[in-house]
Amino acid sequence: VTRPALSSWQQSVWDNLRGALDAGRLGHALLLSGPALLGKAEVAGQLARRLLCTAPAADGFACGRCRACTLLAAGHHPDLSSVGLVERDDGRLKTEIGVAQMRELSAWFALTPQLGRAQVALIEPADRLNTSAANALLKTLEEPMPARYLLLISSDPQRLPATIRSRCQQLQFHPPALAEARAALLAGGVPADQADAALAAADGHPGLARQYLQDGSLTLRGEVRAALAALADGRLRAASLAAEWTQDRPDLRLRLAADCVREFGRKRAASVADPAGLTALGDFPKLAAWFDRANRVRAQLAAPLRQELMLAELLAEWRVAFSRPVPRGAETQGAG
Ligand SMILES: [Zn+2]
């Protein structure tokens, strides 16, 4: 049986969980929280498998061989339930977990576990429970039943009502130090130069760095960054850049642009020289205002007809706010 490979920051949470389990102190409701992309759901899944396995191994993991483990691996164990954001009629995800989902969950918890050992429910993202759903969940939390486990996963736990948080055993994931993050990427087979570039772009966040490497957005980020510099230098027009971005993943480009702006701000704060010279731009209020504006435009990009216009306006604002003299020798293609 191959054991799941946990990164160091997952392992420390797992060790806490296992310690609680072995000592009989594991709560009926757990809240796994911490920044996105640190592998919270993986650890919750591992705990769920361990709780449902009928013959857990001596090393604290699920055995991987019993009927429960076989059903879990196949993705249809009757005593595991996952609650999350469901699709609306138009195929997009709802933004909230509704009360009907919580009522269904509490009815399910009232059933006898089919394989006899326990029932485990995963709720993610738990911070998206709407008010009535949270109230319904609270009732379930107030009447804990033996062998029923609720695993709440959230990257924004402050959005959960305090009444829910206080009834959960809390396990927090912490972003690792840079060396630890780098070691995890290298252990995952990422070449050192790529790991360093991705970690620099992701501000040391290993999960984000991995995502950048997997979806190819590291290269795209370089392009977005160069385009913002060219716009500020007057080498690129806002309208033509908007037309280009509209054609290809506008939302991702805008997210990367916002990321770059955050990075400029951070480098300015630390007085770190920026190779593209962009840290010499503007001031914090201007950067922060543009960052907010970019995020608002991102939220509105769902209306495709206005996409190009909104992008053009946003990029023109960048050009106006951060315009600087054309560097000596640079080609001028006209001002935006
Ligand atoms: Zn098993």
Side-chain angles (χ1 to χ4, degrees), residues 1-34 37-86 97 101-102 104-126 137 140-141 143-155 167-173 184 187-189 206-207 210:
V1 181
T2 52
R3 296 296 180 221
L6 294 182
S7 52
S8 52
W9 57 94
Q10 289 176 311
Q11 188 69 46
S12 61
V13 174
W14 176 250
D15 290 344
N16 283 340
L17 282 169
R18 202 192 149 190
L21 195 57
D22 290 348
R25 290 185 285 106
L26 190 72
H28 289 283
L30 303 164
L31 172 58
L32 285 79
S33 66
L37 301 176
L38 287 183
K40 298 187 292 294
E42 266 175 57
V43 172
Q46 185 164 306
L47 178 64
R49 288 192 291 279
R50 167 67 176 76
L51 291 169
L52 293 170
C53 171
T54 50
D59 64 4
F61 291 101
C63 76
R65 284 183 300 265
C66 70
R67 179 163 153 70
C69 283
T70 312
L71 285 169
L72 282 167
H76 38 72
H77 191 297
D79 298 324
L80 179 71
S81 173
S82 294
V83 182
L85 298 173
V86 293
I97 295 174
Q101 289 173 276
M102 285 303 107
E104 207 175 300
L105 182 65
S106 99
W108 179 76
F109 262 144
L111 304 170
T112 306
Q114 295 203 28
L115 297 196
R117 188 159 172 96
Q119 277 176 309
V120 181
L122 300 163
I123 305 183
E124 183 188 19
L137 175 64
T140 307
L141 292 177
E143 297 157 14
M145 294 164 71
R148 306 297 195 280
Y149 297 94
L150 267 164
L151 313 185
L152 280 65
I153 303 165
S154 171
S155 37
R167 279 174 176 79
C168 293
Q169 208 164 28
Q170 305 213 18
L171 291 134
Q172 230 186 327
F173 285 69
R210 194 173 286 134

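First listed ligand is number 1; within each ligand, the first listed atom is number 1.
- Side chain of Trp9 to backbone of Leu38: a donor-acceptor contact under 3.5 angstrom is found.
- Proximity of Leu47 to Leu30: side-chain heavy atoms (C-beta onward) are separated by under 4.5 Å at one or more points.
- Taking a cut-off of 2.8 Å, the protein N, O or S atoms nearer than that to the Zn ion (ligand 1) are Cys53 SG, Cys63 SG, Cys66 SG, Cys69 SG.
- For the pair Gln169 (side chain) and Ala29 (backbone), a donor-acceptor distance under 3.5 Å is absent.
- Applying the side chain to side chain donor-acceptor pair (under 3.5 Å) rule to pairs touching residues 110-125 yields Gln119-Arg148, sequence neighbours excluded.
- Of the possible donor and acceptor atoms, none in the side chain of Glu42 sits under 3.5 Å from a partner among the backbone N and O of Gly39.
- Of the N and O atoms on the side chains of Gln11 and Ser8, not one donor lies less than 3.5 Å from an acceptor on the other residue.
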